[in-house]
Amino acid sequence: MTKYKLIGPITQLISMDGLPLKGALKDEQLTILLNAGILTEGEHIHSIGNYTDLKEVANSLEAEIIELQSEYVCLPGFIDAHTHICFSGSRANDYAMRNSGKTYLEIAKAGGGIWDTVTNTRAASQEELCHGVIKRANYLLKNGITTIEIKSGYGLSIEEELKMLRAIKEANLHLESDLVSTCLAAHMLPKDYDGSRQEYLDEIASKLFPTLKIENLTNRIDAFVEQSAFSKEDIAPYFKKAIEMGFDITVHADQFTAGGSEIAVKVNAVSADHLEASTDTEIKMLAESDVISVALPGASIGLGCDFTPARKILDAGGALAIASDWNPGSAPMGDLLTQACILGTFQKLSNAEVLTGITSRAAAALKLEDRGKLAPRMLADFCLFSTDHFNEILYHQGKLNPAQVWKRGDAVYTE
Ligand code: NIG
Ligand code: FE
């Protein structure tokens, strides 16, 4: 028998429903339900509305009534649409060297950079990696993140990439949150690969892609399009093969130099992520496409670089999601809410733009249609914050965390 639950009364419920996917948003556009309730039906939302009205429905359905005793603001569960939280080792030394003025090359020569994490991740067992993912995902859950995208990309060989993606798949079975995995075998040309970039990419496409399908490890392919990784020309045939096999595409684009977003638009990628170096040309191109732009303020904070031009992207009519990029190198913080707040202050984003960036628009960046909004038939994933006004959440810049997190109709975290 389906189990119904009514949760309320909730001082303010921000549904994120009925908002456009693209373009600038004003806070006045948000739907705010006062004295609200959420009636759940199993994992999903049956209805939202006035608490007193819903109580009558709940009684007729013999729902369990969970009566809240203080003021709460309710938001959809947050979605971190870009992370690299399957890894081993620390890059604290890179961070210290970078902040002492050492160059990328000097850090790489001293044994740092992505390759350091590849070495450590290869040395870890699948079980150890799985454990690390579980630990980090559970930490994120307490911050209200109920869906997490996780990339491979620290294996960089067929077997090692498979180990990472299998670890993520395994972790998903042990977590309350949902994991969405992505293959980032095209993160860089592995230092120990005996061949050209093209040969490496061909090998990945012909030998790894079929196994990803057979083992149902991911339906998403990512690549780092950058001078230090792969060029647009390198990556075009790789993406073509991926698309022919039915994979969705996402791109690490325009992080240090512009270029990646052009290919993202050309192949109709689901998202183009980073974009710190995007110029007006790329911004216009993205805005005119269906590609979601994903800002990664954690990488700007970690590297001391410019922020993604989020204001310009929204004003040009683009769709903007915000993700943490949590990884041991460029974005070690792993705190989506704090980073989204900081991006908001530096880029002059409305609360509506920041909050959609980590809910409804983040769901679109992962092509997930069943979450990111509070509405009938959506997953009952939501956070309750101990406050009486939603403005308080971003105002506290990551220091006001959820008092309760609900995932698929269950309270999975209580402060
Ligand atoms: O998204 N830009 C490339 N990849 C990661 C960094 C990975 C690393 O430094 O370990 C990123 O920032
Ligand atoms: Fe990344």
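Just so you know, these numbers come straight off a predicted model, no measurement behind them.
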K.L.:
Is the closest side-chain heavy-atom distance between L337 and N143 below 4.5 Å?
P.N.:
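Side chain of L337 against side chain of N143, heavy atoms only: no contact under 4.5 Å found.
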K.L.:
Please check if the side chain of K22 supplies one atom and the backbone of S289 the other of a donor-acceptor pair under 3.5 Å.
P.N.:
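Answer holds: yes.
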K.L.:
Determine whether a donor-acceptor pair (N or O, by modelled atom type, separation under 3.5 Å) exists between the side chain of D306 and the backbone of E276.
P.N.:
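Such a contact is absent between D306 side chain and E276 backbone.
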K.L.:
Which atom names give the shortest non-hydrogen contact between L25 and S350, and what distance separates them?
P.N.:
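Minimum heavy-atom contact is O-OG, 2.8 Å.
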K.L.:
Using side-chain contact (heavy atoms from CB on, under 4.5 Å), reason through T356 and L19 one step at a time and then give a plain yes or no.
P.N.:
CA-CA 9 Å; T356 49; L19 295 169; 3.6 Å; yes
K.L.:
How far apart are the closest heavy atoms of A24 and Q29, and which atoms are they?
P.N.:
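It is O-OE1, 4.1 Å.
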K.L.:
To the closest 0.5 Å, what do you measure between CD (Q198) and OH (Y200)?
P.N.:
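Result: 12.5 Å between the selected atoms.
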K.L.:
Would you please classify the geometry between the F78 ring and the F385 ring as parallel, tilted or perpendicular, with 30° and 60° separating the classes?
P.N.:
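Answer is tilted, since the angle falls between 30° and 60°.
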K.L.:
Counting only N and O atoms by type, is there a donor-acceptor contact under 3.5 Å from the side chain of E288 to the main-chain atoms of M285?
P.N.:
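Side chain of E288 to backbone of M285: no pair is present.
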K.L.:
Return yes if a side-chain donor-acceptor contact under 3.5 Å exists between N268 and D290, otherwise no.
P.N.:
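Absent: no donor and acceptor within the cut-off.
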K.L.:
If you round to the nearest 0.5 Å, how far is OG1 of T387 from NE2 of H389?
P.N.:
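Taking NE2 in H389 and OG1 in T387, the distance rounds to 8.5 Å.
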K.L.:
I need the minimum non-hydrogen distance between H174 and I134, along with the two atoms involved.
P.N.:
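Reported closest heavy-atom pair: CB-CD1, 3.8 Å.
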K.L.:
Is the closest side-chain heavy-atom distance between S181 and E149 below 4.5 Å?
P.N.:
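SC-SC contact between S181 and E149 ruled out.
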K.L.:
Would you call K102 and D94 a salt bridge, taking side-chain N to carboxylate O under 4.0 Å as the test?
P.N.:
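Salt bridge flag = no for D94 with K102.
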K.L.:
Are there over 12 heavy-atom neighbours, none belonging to H131, within less than 6.0 Å of that residue's NE2?
P.N.:
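Result for NE2/H131: open.
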K.L.:
Side chains of E160 and S157: any donor to acceptor distance under 3.5 Å?
P.N.:
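There is no such pair (donor and acceptor under 3.5 Å, judged by atom type) between the side chains of S157 and E160.
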K.L.:
In terms of side-chain geometry, is the basic nitrogen of K109 or E106 positioned less than 4.0 Å from the acidic oxygen of its partner?
P.N.:
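Looking at K109 and E106, the cut-off is not met.
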K.L.:
Is the shortest side-chain heavy-atom distance between P297 and I342 below 4.5 Å?
P.N.:
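Not in contact.
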K.L.:
Any chance NZ of K312 has more than 12 other-residue heavy atoms, nucleotides or ligands included, within less than 6.0 Å?
P.N.:
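Count not over threshold, so no.
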K.L.:
Can you see whether E203 engages Y193 through a side-chain donor-acceptor pair at a distance of less than 3.5 angstrom?
P.N.:
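Note: E203 and Y193 side chains meet the donor-acceptor criterion.
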K.L.:
Do the side chains of V73 and I10 get nearer than 4.5 Å, heavy atoms only?
P.N.:
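No, their side chains stay 4.5 Å or more apart.
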K.L.:
Given ring pair (Phe, Tyr, Trp, His ring centres under 6.0 Å), test F209 with Y238 step by step and report yes or no.
P.N.:
CA-CA 10 Å; F209 286 2; Y238 181 73; 5.2 Å; yes
K.L.:
What distance do C86 atom SG and I168 atom CD1 have between them, rounded to the nearest 0.5 Å?
P.N.:
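Rounded to the nearest 0.5 Å, the SG-CD1 separation comes to 4.5 Å.
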K.L.:
Tell me whether S278 contacts the main-chain N or O of L275 through its side chain, where contact means a donor paired with an acceptor under 3.5 Å.
P.N.:
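Confirmed, S278 side chain pairs with L275 backbone.
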K.L.:
Side chains of L374 and M16: does their closest heavy-atom pair fall under 4.5 Å?
P.N.:
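L374 does not reach M16 side chain to side chain.
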K.L.:
Is a salt bridge present between D325 and K151, judged by a nitrogen-to-oxygen distance below 4.0 Å?
P.N.:
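No salt bridge links D325 with K151.
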K.L.:
By the definition side chain to side chain donor-acceptor pair (under 3.5 Å), identify the one residue from T359, T146, D178 that meets it with R371.
P.N.:
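Of the listed options, the one satisfying the test is D178.
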K.L.:
Between S90 and A92 (side chain of the first, backbone of the second, donor and acceptor by atom type, cut-off under 3.5 Å), is there such a pair?
P.N.:
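Such a contact is found between S90 side chain and A92 backbone.
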K.L.:
Check this for me: E244, atom CD, are more than 12 non-hydrogen atoms of other residues, nucleotides or ligands nearer than 6.0 Å?
P.N.:
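Result for CD/E244: enclosed.
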K.L.:
Is a donor from one side chain sitting under 3.5 angstrom from an acceptor on the other, for T11 and E71?
P.N.:
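Yes.
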K.L.:
How close do G49 and L54 get, heavy atom to heavy atom, and via which atoms?
P.N.:
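What the structure gives for the nearest pair is N-CD1, 3.5 Å.
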K.L.:
Mark yes when over 12 heavy atoms from residues, nucleotides or ligands other than N99 sit less than 6.0 Å from its CG; otherwise mark no.
P.N.:
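For N99, atom CG is crowded (more than 12 foreign heavy atoms under 6.0 Å).
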K.L.:
Please state whether the rings of Y154 and H84 are parallel, tilted or perpendicular, taking 30° and 60° as the class boundaries.
P.N.:
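Tilted.
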K.L.:
Under 4.5 Å between any side-chain heavy atoms of T31 and D17, yes or no?
P.N.:
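Not in contact.
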K.L.:
With a 4.0 Å cut-off, would you call E415 and K142 a salt bridge?
P.N.:
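The answer is no: the pair does not qualify as a salt bridge.
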K.L.:
Between Q126 and M164, is there a donor-acceptor pair closer than 3.5 Å when you use the side chain of the first and the backbone of the second?
P.N.:
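Between the backbone of M164 and the side chain of Q126 there is no qualifying donor-acceptor contact (under 3.5 Å).
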K.L.:
Looking at K213, I'd like to know if its NZ atom is crowded, meaning that more than 12 non-hydrogen atoms belonging to other residues, nucleotides or ligands lie closer than 6.0 Å.
P.N.:
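Counting neighbours around NZ of K213, more than 12 heavy atoms of other residues, nucleotides or ligands fall under 6.0 Å, so yes.
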K.L.:
Can you tell whether the side chains of D280 and K284 come within less than 4.0 Å, N to carboxylate O?
P.N.:
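K284 and D280: not salt-bridged.
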K.L.:
Does any non-hydrogen side-chain atom of L156 lie less than 4.5 Å from one of E161?
P.N.:
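Yes, side chains in contact.
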K.L.:
For H252 and F224, take the angle between the two ring planes, folded into 0 to 90°, and tell me which bin it lands in: parallel under 30, tilted 30 to 60, perpendicular over 60.
P.N.:
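H252 and F224: perpendicular rings.
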K.L.:
Is it true that R166 and E170 have a side-chain N and a carboxylate O under 4.0 angstrom from each other?
P.N.:
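Result for this pair is no, no salt bridge flagged.
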K.L.:
Find the distance between CG (D335) and SG (C341) and round it off to the nearest 0.5 Å.
P.N.:
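D335 CG to C341 SG: 8.5 Å, rounded to 0.5 Å.
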K.L.:
Is it the case that the side chains of D80 and S324 hold a donor-acceptor pair, with the cut-off being a distance below 3.5 Å and no angle test?
P.N.:
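Yes - a donor-acceptor pair under 3.5 Å links their side chains.
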K.L.:
Are there more than 12 heavy atoms of other residues, nucleotides or ligands under 6.0 Å from atom CZ of F346?
P.N.:
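Result for CZ/F346: open.
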K.L.:
Please confirm whether the backbone N or O of G302 pairs with a side-chain atom of R98, one donor and one acceptor, at under 3.5 Å?
P.N.:
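Answer holds: yes.
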K.L.:
Quick check for you: to the nearest 0.5 Å, what is the distance between I145 atom CD1 and N138 atom CG?
P.N.:
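Reported value, rounded in 0.5 Å steps: 12.0 Å.
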K.L.:
Please report the C-alpha distance between N351 and Y395 in whole Å, then the side-chain angles of each, then the deciding distance to 0.1 Å, and finally whether the side-chain contact (heavy atoms from CB on, under 4.5 Å) criterion is met.
P.N.:
CA-CA 9 Å; N351 282 353; Y395 165 67; over 6 Å; no
K.L.:
Tell me whether K163 is salt-bridged to E159, with the criterion being a basic N under 4.0 Å from an acidic carboxylate O.
P.N.:
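E159 and K163: not salt-bridged.
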K.L.:
Check this for me, if you would: do R408 and D381 make a salt bridge, where the nitrogen-to-carboxylate-oxygen distance has to be below 4.0 angstrom?
P.N.:
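No, this pair does not count.
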K.L.:
Are the side chain of D254 and the backbone N or O of S261 linked by a donor-acceptor pair below 3.5 Å?
P.N.:
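Yes, the answer is positive, given that a donor and an acceptor are paired below the 3.5 Å cut-off.
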K.L.:
Look at the side chain of R122 and the backbone N and O of G155, then say whether any donor-acceptor pair between them is shorter than 3.5 Å.
P.N.:
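Yes: the side chain of R122 pairs with the backbone of G155.
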K.L.:
For residues L140 and I85, determine if any side-chain heavy atom of one lies less than 4.5 Å from a side-chain heavy atom of the other.
P.N.:
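Yes, side chains in contact.
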K.L.:
So, R377 and D370, do they make that salt bridge, N to O below 4.0 Å?
P.N.:
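No, this pair does not count.
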K.L.:
So which atom in C383 and which in P402 form the shortest heavy-atom distance, rounded to 0.1 Å?
P.N.:
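Result for this residue pair: CB-CB, 4.0 Å.
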K.L.:
Show the numbers, then the answer: is there a side-chain contact (heavy atoms from CB on, under 4.5 Å) between D116 and I114?
P.N.:
CA-CA 5 Å; D116 182 27; I114 295 174; over 6 Å; no
K.L.:
Which heavy atom in A321 sits nearest to a heavy atom in R361, and how many Å separate them?
P.N.:
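Of all heavy-atom pairs spanning A321 and R361, the closest is CB-O, 3.7 Å.
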K.L.:
Sub-3.5 Å donor-acceptor pair from the side chain of R220 to the main-chain atoms of D248, do we have one?
P.N.:
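No, R220 side chain to D248 backbone: no donor-acceptor pair under 3.5 Å.
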K.L.:
I'd like to know whether L379 forms a side-chain contact (heavy atoms from CB on, under 4.5 Å) with I45, so could you lay out the CA-CA distance, the side-chain angles of the two residues, the decisive distance to 0.1 Å, and finally the verdict.
P.N.:
CA-CA 6 Å; L379 284 175; I45 294 174; over 6 Å; no
K.L.:
OG/S152 to CG/L129 distance, rounded to the nearest 0.5 angstrom?
P.N.:
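Answer rounded to 0.5 Å: 11.0 Å.
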